[in-house]
Structure formats: structure tokens, C-alpha cells
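Worksheet for the structure shown next.
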Amino acid sequence: IKKIGVLTSGGDAPGMNAAVRGVVRVALTEGLEVCGIYDGYQGLYNNHIKPLDRQSVSDVINKGGTFLGSARFPEFREVEVREKAIENLKLHGIDALVVIGGDGSYMGAKKLTEMGYPCIGIPGTIDNDVAGTDYTIGYMTAMNTVIDAIDRLRDTSSSHQRISIVEVMGRHCGDLTLMSAIAGGCEYIITPETGLDKEQLISHINRGIAKGKKHAIIAITELMTDVNALAKYIEAETGRETRATVLGHIQRGGQPDAFDRVLASRMGAYAVELLLQGEGGRCIGIQCEKLVHHDIIDAIENMRRPVRNDLYELAEKLF
Ligand code: ATP
């Protein structure tokens with residue numbers, strides 16, 4: 001291969017820029033040419049493709065978001081749209097594509113791979129919901145953002161003997177909620193993995209009040225329930241003022257932390273290495289500190305993320 005393309009897709013995540021930089025700089029070092037595809041699969045379809053050099057990725061390692069832009073582009077599910085995308089790639093002489101994104105973006109990469117176009121997936125999402133990797137790029141930075149918010153809520157909740165619900169991102173994966181809740185010392189964790197048991201929640205809160213706890217912070221993953229309605233329910237059942245805070249998109253922004261910058265740089269470099277070895281249709285992960293790669297089709301169809309029962313048990317003991 002002589003020329004590769006790189007795009008970022010789906011929800012943005014801190015560290016995506018560092019990953020693009022890793023791909024670009026290592027590819028150039030290895031004598032490859034690199035093109036940036038702007039606005040994810042949408043830009044691929046619209047032929048929004050430009051060459052990138054070393055300077056194109058200067059001053060981005062410390063920046064949140066993605067300078068290439070990202071987009072939700074459901075049209076990419078249509079085969080004609082993907083055919084046009086491949087045509088555009090060939091028009092630019094691009095032999096292979098690196099896709100940085102979450103599981104949705106992997107679906108697009110899987111479909112291109114099935115159509116005979118080699119893609120490598122790099123897990124870039126704050127949700128940590130991608131199979132075949134312990135950590136995704138952006139997850140650790142987002143966790144620090146959530147912890148900061150929980151710390152602030154704790155201050156004001158303690159002062160007012162208030163119950164706080166904090167809604168955390170993660171879509172259908174509870175990792176971000178779970179680990180942030182442990183680090184933030186939350187009283188109760190509700191994730192897609194645990195489900196929501198309202199009776200158990202109330203008796204847990206009441207046990208805390210009986211122990212003399214001044215506050216209760218409940219961490220819950222998004223999309224599980226209406227948190228404002230849950231707050232009203234808790235207030236009615238416990239007699240304690242209860243407020244819900246939805247952290248929302250602030251979790252996606254901000255400078256990537258050291259972990260994400262290093263992870264992104266390593267994964268970007270590894271993607272280029274794999275392409276040079278003639279690999280395609282792979283997705284990259286880090287497992288037990290080692291970079292690994294899996295068949296992207298197998299990863300999407302068969303691999304599942306392990307549920308961190310050890311951490312749920314730990315959280316239970318720490319309350
Ligand atoms: P995050 O989870 O952080 O939001 P994501 O990559 O999972 O990131 P999605 O919006 O699910 O975000 O997917 C990103 C893009 O990938 C979609 O907008 C679409 O262009 C493409 N995509 C998703 N699913 C498919 C599919 N089944 N076939 C083809 N392309 C897809």
C-alpha cells in the first residue's frame with residue numbers, strides 16, 4: 001500500500017486528535033501518504049478528502065474534539081452510498097482506511113471490509129462500549145470529568161443533606177458510571193448491567209440515612225429512566241430533598257488526559273503497522289496493557305464486553 005485515509009466518526013471523544021496524529025506521523029515516517037477524510041462517513045460520501053502532512057497535525061495532541069470533524073450519517077447503511085464512498089477512496093488512490101470511532105462506526109468499517117475494502121478500526125468513544133479492548137480512547141478523560149462533577153455535587157449535597165442523582169453517559173454500557181462512581185465514592189450505582197430496582201434503591205438510601213450519612217449520591221447511566229421523575233419518587237419515599245443532574249455533553253469535551261494521549265498515539269501507530277503487514281478488516285484494542293487486534297466482523301457479531309462483576313462487588317463493599 002502507498003496511501004491511506006483516516007476519519008473520525010460517531011460521537012467525538014477526547015484523544016481522537018492524538019490518534020489521527022499518531023496515524024499521520026507514523027504513516028509518513030514509514031513512507032506512506034495520508035489523506036484526511038472530513039466529517040466521518042458523510043465526508044467520505046461527499047468526497048471531502050484532503051492530503052495531510054506533518055504540520056496538519058501540529059498542535060492537536062492536547063485538543064479535545066476532532067479537527068477532522070465527525071458526523072452521524074445513517075445513509076451509510078445503504079449499499080449504494082458505500083459504493084460511492086469506495087469510488088471516492090479509489091479516486092484519491094487511497095488503498096486502506098483507518099476508522100476512529102465507536103461500535104456504530106465499526107459497523108460502517110465492517111460493511112466496507114465485507115465489500116472488499118480494507119479498514120482498520122480504532123476504538124474512540126467515551127462510552128468504553130467496544131468489544132475486544134479494555135479501554136477506548138476518551139473514556140479515561142471523560143471519567144475524570146464525571147469525577148470532578150461528582151466531587152462538586154458531594155460538597156453541596158453534604159451541606160444541604162440532599163440526595164443527588166447524577167446521570168452519566170455510556171449508552172448501553174455501564175463502565176463509565178461504574179468506575180466514576182467508585183472513584184467519586186457514590187452511594188448507589190445503577191447501570192444497564194445492574195438494572196433499576198426502585199425498592200432496593202430506597203431501602204439502601206434509608207440504611208445510609210440511619211447510619212447518619214449526610215448525603216447520598218446515586219450514579220445512573222443515561223437512557224435508563226427519566227432521572228427527574230426518579231428524583232421525585234425518591235423525595236416522596238425518603239422525605240429528603242432530591243435533585244437530578246444530567247451531565248450531558250460536557251463529558252465529551254475537554255483536553256485529553258495523559259492516558260488517552262498515550263493510548264491514542266499507540267493505537268494510531270499500531271493501525272499503520274498492521275496495514276503495512278498487509279492486515280485489513282481488523283479492529284485494535286488494548287488488553288492487559290498489550291496492543292491486540294481482532295477480526296472486525298467477529299468483534300461486532302460475536303465478541304461481548306465482560307461485565308465487571310469484580311468492580312460491582314468492590315463498590316458494594318465500599319459503601
Ligand atoms: P459513539 O458510540 O461514541 O456515539 P459510534 O461510532 O457508535 O460512536 P454511531 O452514530 O452509532 O456512533 O455510528 C457512527 C456512524 O457509523 C453512523 O452515523 C453511520 O454513518 C455509521 N454506521 C453506523 N451503523 C452502521 C451500519 N449498520 N452500517 C453502515 N454504517 C453504519
Side-chain angles (χ1 to χ4, degrees), residues 1-76 78 80-102 104-106 108-109 111-113 115-125 137-138 252-253 255-256 261 264-265 267-276 280 284:
I1 59 165
K2 291 197 175 68
K3 199 191 267 192
I4 64 170
V6 57
L7 64 79
T8 51
S9 166
D12 63 338
M16 277 183 162
N17 285 325
V20 174
R21 175 178 177 271
V23 170
V24 172
R25 294 255 165 114
V26 174
L28 292 172
T29 301
E30 297 292 344
L32 298 172
E33 288 177 69
V34 192
C35 282
I37 292 125
Y38 290 80
D39 303 327
Y41 293 123
Q42 190 173 3
L44 188 53
Y45 177 72
N46 291 324
N47 199 16
H48 196 175
I49 301 173
K50 286 184 194 152
L52 296 176
D53 59 21
R54 291 190 82 80
Q55 270 71 50
S56 319
V57 289
S58 296
D59 285 328
V60 302
I61 191 158
N62 57 332
K63 298 219 165 72
T66 158
F67 82 93
L68 283 180
S70 186
R72 308 275 182 196
F73 187 56
E75 293 84 349
F76 210 66
E78 294 159 28
E80 301 78 29
V81 171
R82 292 196 303 275
E83 276 165 1
K84 172 87 188 317
I86 293 177
E87 237 172 71
N88 287 340
L89 286 164
K90 289 189 174 155
L91 206 69
H92 289 268
I94 301 170
D95 306 304
L97 182 64
V98 179
V99 171
I100 305 166
S105 306
Y106 273 23
K111 297 263 174 77
L112 291 178
T113 300
M115 290 164 78
Y117 194 89
C119 293
I120 301 274
I122 294 182
T125 167
I137 296 165
R252 289 253 191 90
Q255 288 194 311
R261 293 185 202 190
S265 303
M267 286 182 163
Y270 195 50
V272 174
E273 225 175 88
L274 290 178
L275 287 172
L276 285 170
I284 289 175

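Here the CD1-OH distance, from Ile122 to Tyr270, works out to 11.5 Å after rounding to the nearest 0.5 Å. A distance of 12.0 Å separates CD in Glu75 from CD in Glu80, rounded to the nearest 0.5 Å. Rounding to the nearest 0.5 Å gives a distance of 10.5 Å between NE2 of His48 and CD of Gln42. The CD1 atom of Ile86 sits 13.5 Å away from atom OH of Tyr45, with the distance rounded to the nearest 0.5 Å. A distance of 11.5 Å separates CD in Glu30 from CG in Leu275, rounded to the nearest 0.5 Å. Here the straight-line distance linking atom CG of Leu28 with atom OG of Ser56 works out to 8.5 Å at 0.5 Å rounding.
Closest heavy-atom contact between Pro123 and Ile284: CD-O, 3.2 Å. Nearest heavy-atom pair, Lys3 versus Cys35, reported as atom, atom and distance to 0.1 Å: CD-SG, 4.1 Å. The nearest pair of heavy atoms linking Gly280 to Pro118 is CA-CB, 4.1 Å. What you find for Ile4 and Ala27 is that their closest heavy atoms are CD1-CB, 3.9 Å. Scanning both residues, Val6 and Leu68, for their nearest heavy atoms gives O-CD1, 3.7 Å. Between Thr66 and Asn17, the shortest heavy-atom contact is CA-OD1, 3.3 Å.
The main-chain N or O of Leu112 is never found under 3.5 Å from a side-chain atom of Arg82 such that the two would form a donor-acceptor pair. In this structure, the side chain of Arg21 does not engage the main chain of Ser58 through any donor-acceptor pair within 3.5 Å. The backbone N or O of Gly22 lies less than 3.5 Å from no partner atom in the side chain of Ser265, so there is not a single donor-acceptor pair. In this structure a side-chain-to-backbone donor-acceptor pair under 3.5 Å is missing from Asp39 to Gly69.
Considering only heavy atoms from C-beta on, Leu32 comes within 4.5 Å of Leu276 through its side chain. With contacts defined as side-chain heavy-atom distances shorter than 4.5 Å, the pair Arg25/Val34 does not qualify. Between Leu44 and Phe73 there is no side-chain heavy-atom pair separated by less than 4.5 Å. At a threshold of 4.5 Å between non-hydrogen side-chain atoms, the residues Ile49 and Leu91 do not count as touching.
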Test log, rule side-chain contact (heavy atoms from CB on, under 4.5 Å), inputs Asn47 and His92: CA-CA 9 Å; Asn47 199 16; His92 289 268; 2.7 Å; yes
Derivation and outcome, side-chain contact (heavy atoms from CB on, under 4.5 Å), residues Leu97 and Ile37: CA-CA 10 Å; Leu97 182 64; Ile37 292 125; 3.5 Å; yes
Val57 and Val23: CA distance, side-chain angles, deciding distance, side-chain contact (heavy atoms from CB on, under 4.5 Å) verdict: CA-CA 10 Å; Val57 289; Val23 170; over 6 Å; no
Stepwise side-chain contact (heavy atoms from CB on, under 4.5 Å) check, Tyr38 with Asn46: CA-CA 9 Å; Tyr38 290 80; Asn46 291 324; over 6 Å; no
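Listed by chain and number, the residues in a ring-ring contact (aromatic ring centres under 6.0 Å, His included) with Phe76 are Tyr41 (sequence neighbours excluded). Applying the salt bridge (Lys or Arg N to Asp or Glu O under 4.0 Å) criterion to Arg252, with sequence neighbours excluded, gives Asp12.
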